[in-house]
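Residue numbers start at 1 and run along the sequence shown. Heavy-atom basis, side chains included; hydrogens, waters and symmetry copies ignored.
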Amino acid sequence: MPVIKILPHPEYCPDGAEITAPAGTSICEALLENKINIEHACDMSCACTTCHVIVREGLNSLNDAEEEEEDLLDRAWGLEPQSRLSCQAILAAKDVVIEIPKYTINHAKENH
């Protein structure tokens, strides 16, 4: 099973973490299943950018971003070339390292 290494984030994962998830799982699903409660205001339907992550290692092992995701990412805070919406980034067999950006474009947090 691939490992997701999450770099430290002051709110969601202060000490960082390493979790595993089966290939075919989205990064967002894996985080939520492991009690890392990343925002996902659209319930993982690729309609917002609140689950934006930056893939620091292993980006090429993920599925390709589709046009809808790329269009949404243009509105994400802190966009980088390795940015993905975690609800659309599907794990393969390789490990990945992700960073959750400090901010989202959401003004109010959801209680998921």
How close do E69 and Q88 get, heavy atom to heavy atom, and via which atoms?
OE1-CB, 3.4 Å
Residues forming a side chain to side chain contact (heavy atoms under 4.5 Å, CB included) with N63, sequence neighbours excluded
R84, I90
Sorted by chain and number, sequence neighbours left out, side chain to side chain donor-acceptor pair (under 3.5 Å) with S61 holds for none
Let me confirm one number: the CG-CZ distance from D71 to R75, rounded to the nearest 0.5 Å.
8.0 Å
Taking the side chain as everything from C-beta on, heavy atoms only, tell me whether L62 gets closer than 4.5 Å to I27.
yes
P8: which residues meet the side chain to side chain contact (heavy atoms under 4.5 Å, CB included) condition with it, sequence neighbours left out?
none
Residues at least two apart in sequence or cross-chain that pass side chain to side chain contact (heavy atoms under 4.5 Å, CB included) with A23, listed by chain then number, are none
Test side chain to side chain contact (heavy atoms under 4.5 Å, CB included) on I19 and K5 and set out the steps.
CA-CA 7 Å; I19 60 175; K5 179 179 180 180; over 6 Å; no
Kindly indicate, with the supporting measurements, whether the criterion side chain to side chain contact (heavy atoms under 4.5 Å, CB included) is fulfilled by I4 and T20.
CA-CA 6 Å; I4 303 171; T20 59; over 6 Å; no
Compare every heavy atom of I54 with every heavy atom of P101, then report the nearest pair and how far apart it is.
CG-CD1, 4.2 Å
Listed once per pair and sorted, the salt bridge (charged side-chain N to carboxylate O under 4.0 Å, His left out) pairs that draw on residues 15-28, sequence neighbours left out
none
Qualifying residues under side chain to side chain donor-acceptor pair (under 3.5 Å), relative to S83, sequence neighbours excluded:
H52
Interatomic spacing from SG in C87 to CG in L32 - rounded to 0.5 Å:
10.5 Å
Testing the basics here: between C42 and A47, what is the closest heavy-atom pair and its distance to 0.1 Å?
SG-N, 3.3 Å
Salt bridge (charged side-chain N to carboxylate O under 4.0 Å, His left out) contacts touching residues 44-54 (sequence neighbours left out)
none
Quick one: closest heavy-atom pair of P2 and A92, and the distance?
CG-O, 2.9 Å
If you take all heavy atoms of E70 and A65, which pair is closest and at what distance?
OE2-O, 3.7 Å
Going from SG on C28 to NE2 on H40, what distance comes out if it is rounded to the nearest 0.5 angstrom?
6.0 Å
In chain order, what residues pass the side chain to side chain contact (heavy atoms under 4.5 Å, CB included) check against P10, with sequence neighbours excluded?
none
For S86 versus C51, what's the shortest heavy-atom pair and its separation?
OG-O, 2.8 Å
Other than L72, what residues sit in its cluster of Ile, Leu, Val, Met, Phe, Trp and Tyr side chains whose heavy atoms are under 4.5 Å apart, directly or through others?
L73, L79, L85
Under 3.5 Å: donor-acceptor pair, side chain of H9, backbone of Y12
yes
Does S26 offer a backbone N or O that forms a donor-acceptor pair with the side chain of E29 under 3.5 Å?
yes
Scan for salt bridge (charged side-chain N to carboxylate O under 4.0 Å, His left out) pairs involving residues 86-100, sequence neighbours excluded, and state none if there are none.
R56-E99
Greater than 12 external heavy atoms within 6.0 Å of D64's CG:
no
Test I36 against I6 for side chain to side chain contact (heavy atoms under 4.5 Å, CB included), laying out the working first.
CA-CA 10 Å; I36 299 170; I6 303 103; 3.7 Å; yes
Scan L7, V53, I38 and name whichever one has a side chain to side chain contact (heavy atoms under 4.5 Å, CB included) with I98.
V53
